[in-house]
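Below is one structure, written out as structure tokens, with a few remarks after it.
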There are 2 protein chains.
Amino acid sequence: MPKNSISESVIKRLPRYYRFLGELMNSGVERISSGQLSELMKLTASQIRQDLNCFGGFGQQGYGYNVAGLREEIGRILGVDRQLPTIIIGAGNLGKAIAAHINFETRGCVLKGIFDIDPKITGETVADIAVRHIDELEKFCRDKKPVVAVLCIPKAATQEIADRLVDLGIRAFWNFSHYDLSAKHSSVAVENVHLGDSLLTLTYRANQMTDNG
Amino acid sequence: MPKNSISESVIKRLPRYYRFLGELMNSGVERISSGQLSELMKLTASQIRQDLNCFGGFGQQGYGYNVAGLREEIGRILGVDRQLPTIIIGAGNLGKAIAAHINFETRGCVLKGIFDIDPKITGETVADIAVRHIDELEKFCRDKKPVVAVLCIPKAATQEIADRLVDLGIRAFWNFSHYDLSAKHSSVAVENVHLGDSLLTLTYRANQMTDNG
DNA sequence: TAGATTGTTAATCGATTAACAATC
DNA sequence: TAGATTGTTAATCGATTAACAATC
């Protein structure tokens with residue numbers, strides 16, 4: 001029973017909890033206290049208990065948390081079992097790498113189609129899926145009803161494709177383009193991934209180290 | 001003259017300022033006020049002025065900010081002109097895509113080498129650079145003295161390679177592996193990019209939309 | 001000068017941490 | 001029961017926003 005609204009900071013930490021609990025489970029650890037988990041994850045025990053209690057009391061006083069049980073609860077909260085139909089737009093270097101590298105299924109998504117505008121690429125097979133031409137998008141969406149779209153296309157094309165996809169029923173964008181997609185429509189989720197910005201913050205810190213440290 | 005310590009939140013916003021100012025410059029915009037920029041970037045004008053004043057007074061009362069000038073100042077702060085020698089470890093799907101897709105030069109880095117452990121891959125050319133075998137790492141680092149390393153390798157290999165690279169003089173990691181690399185050494189910068197976690201937060205929000213909105 | 005907009009201080013808001021009673 | 005550890009409230013801290021005097 002999640003509270004009315006969970007803060008963005010908490011949501012961003014959930015996948016990390018899920019990941020660490022998965023590793024603990026695989027190592028055969030059955031139970032863990034907020035204190036032990038905090039050491040592992042470099043957080044405070046307080047924060048862990050606060051975060052988890054946004055969704056419910058998953059622990060037991062004097063015992064701690066059951067690793068497998070807590071992991072499953074967080075998985076349910078995140079929706080890993082929902083298997084949302086997903087498409088990738090853009091089968092260049094990045095689109096192909098995402099298709100091949102990301103395990104969509106374990107993250108609540110199923111990759112159903114990949115699209116590109118370049119006829120030289122369409123027909124290629126990536127992650128067992130034939131790349132379709134973007135002209136087939138409308139027909140495909142009517143048939144398969146994807147709800148998540150991964151955008152690996154140039155900046156200039158992004159807003160137009162996004163609008164088109166919203167009309168076709170897409171409700172979540174994982175946006176790798178250089179364009180800051182902001183959901184005009186309130187019922188659309190957007191996760192902008194700016195790899196260039198990420199590198200630039202590292203550059204800043206690297207230079208700080210050199211200059212001061 | 002940056003203040004002693006700039007908060008992580010401010011640093012994470014700098015690349016986005018840099019990006020928007022670049023676009024404005026390319027569109028021929030010469031000056032902009034914090035109010036106008038705030039509308040464009042969906043921030044408050046207050047925040048923009050606070051952020052910029054961490055580094056100095058770049059504006060002019062009654063006028064606003066000179067776009068090209070402010071962009072250059074932020075570029076200098078980030079260190080885009082330093083051109084740090086950079087290597088990529090791991091030339092699988094993701095390593096190749098990063099090599100091909102990211103413009104390192106405009107972000108203060110120069111890609112100098114790519115390494116992989118798989119002899120089937122070494123010798124291939126990616127982004128005009130021949131993939132070297134990981135055994136050549138020591139020799140290469142003595143010669144070329146790279147300071148930034150991009151890790152596109154499996155989780156299991158990450159900590160060991162990272163330790164080895166620190167000994168070889170690497171001072172910043174852009175880490176795409178599934179391992180939470182935390183700098184043991186205080187003079188090493190780490191930027192963990194967890195694409196899986198990013199997708200998972202989107203899955204959460206996509207499901208929220210469906211359930212509530 | 002008058003108008004605009006900054007730089008900067010003060011107020012607010014939210015997130016993190018600490019503390020402790022509840023309870024297994 | 002005693003010890004451990006949670007769930008939860010209260011205190012602290014930091015980041016964001018508002019306000020306004022300085023000044024171009």
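The figures that follow rest on heavy atoms only: side chains count, while hydrogens, waters and symmetry mates do not. Residue numbers begin at 1 in each chain, while the letters A, B, ... track the order of the sequences.
In this view, V188(A) and V166(A), F173(A), A183(A), H185(A), V190(A) satisfy the side chain to side chain contact (heavy atoms under 4.5 Å, CB included) rule, not counting sequence neighbours. Qualifying salt bridge (Lys or Arg N to Asp or Glu O under 4.0 Å) partners for D143(B), counting only residues two or more places apart in sequence or in other chains: K139(B). With sequence neighbours excluded, the residues that form a ring pair (Phe, Tyr, Trp, His ring centres under 6.0 Å) with F115(A) are F140(A). Evaluation of the side chain to side chain contact (heavy atoms under 4.5 Å, CB included) rule for K12(A) yields E8(A) as partners, not counting sequence neighbours. Looking at residues two or more places apart in sequence or on another chain, you find no side chain to side chain contact (heavy atoms under 4.5 Å, CB included) involving K145(A). Not counting sequence neighbours, the partners of F176(A) by the ring pair (Phe, Tyr, Trp, His ring centres under 6.0 Å) test are W174(A).
Here the P atom of nucleotide dG7(D) and the OH atom of Y63(A) are 13 Å apart, to the nearest Å. In this structure, N53(B) atom CG and dT5(C) atom C1' are separated by 12 Å, rounded to whole Å. The interatomic distance linking F58(B) (CZ) with dT8(C) (P) rounds to 12 Å, in whole Å. Atom P of nucleotide dT8(D) and atom CD1 of I48(A) are separated by 17 Å, given to the nearest angstrom. In this structure, R13(B) places its CZ atom 16 Å from P of dG14(D), rounding to the nearest Å. One interatomic measurement links the two molecules: CD of E8(A) to P of dT16(C), which rounds to 12 Å at whole-angstrom precision. Regarding Q60(A), its CD atom lies at a distance of 13 Å from the C1' atom of dG7(D), rounded to whole Å. In this structure, I11(A) atom CD1 and dG14(C) atom C1' are separated by 15 Å, rounded to whole Å.
Residue pairs meeting the ring pair (Phe, Tyr, Trp, His ring centres under 6.0 Å) criterion with at least one partner in residues 14-41 of chain A, sequence neighbours excluded, do not occur; the list is empty.
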**Report entry** Evaluation steps, salt bridge (Lys or Arg N to Asp or Glu O under 4.0 Å), between R19(A) and D180(B)
**Finding:** CA-CA 10 Å; R19(A) 194 151 45 81; D180(B) 265 51; 2.6 Å; yes
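Nearest heavy atom pair, residue I88(A) against residue C152(A), reads CG2-SG, 4.4 Å.
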N/O to N/O distances under 3.5 Å, protein versus nucleotides 17-21 of chain C:
from    : atom 1 : to     : atom 2 : distance (Å)
dT17(C) : OP2    : T44(A) : OG1    : 3.1
dT17(C) : O4     : Q50(A) : NE2    : 2.5
dA18(C) : N7     : S46(A) : OG     : 2.5
dA19(C) : N6     : R49(A) : NH2    : 3.2

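Contact annotation: Y65(A) side-chain N/O to dG7(D) OP1/OP2 distance is under 4.0 Å.
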What side-chain donor-acceptor pairs closer than 3.5 Å can you find for residues 89-105 of chain B, not counting sequence neighbours?
from    : atom 1 : to      : atom 2 : distance (Å)
K96(B)  : NZ     : E124(B) : OE1    : 3.1
N103(B) : OD1    : E105(B) : N      : 3.3
N103(B) : OD1    : T106(B) : N      : 3.3

What donor-acceptor contacts under 3.5 angstrom involve side-chain atoms of residues 26-37 of chain A, with partners at least two apart or in another chain?
from   : atom 1 : to     : atom 2 : distance (Å)
N26(A) : ND2    : G22(A) : O      : 3.4
S27(A) : OG     : E23(A) : O      : 2.7
S33(A) : OG     : G35(A) : N      : 3.4
S33(A) : OG     : Q36(A) : N      : 3.1
S33(A) : OG     : Q36(A) : OE1    : 3.4
S34(A) : OG     : R49(A) : NH1    : 2.9
Q36(A) : OE1    : S33(A) : N      : 2.9

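Contacts between residues 20-36 of chain A and DNA chain D, defined by a heavy-atom separation under 4.0 Å, are made by S33(A), S34(A).
Defining each end axis of the helix from dG3(C)-dC24(D) to dC24(C)-dG3(D) as the rotation carrying four pairs' C1' atoms onto the next four, with five pairs an end, the two axes are found to diverge by 10° to 10 degrees.
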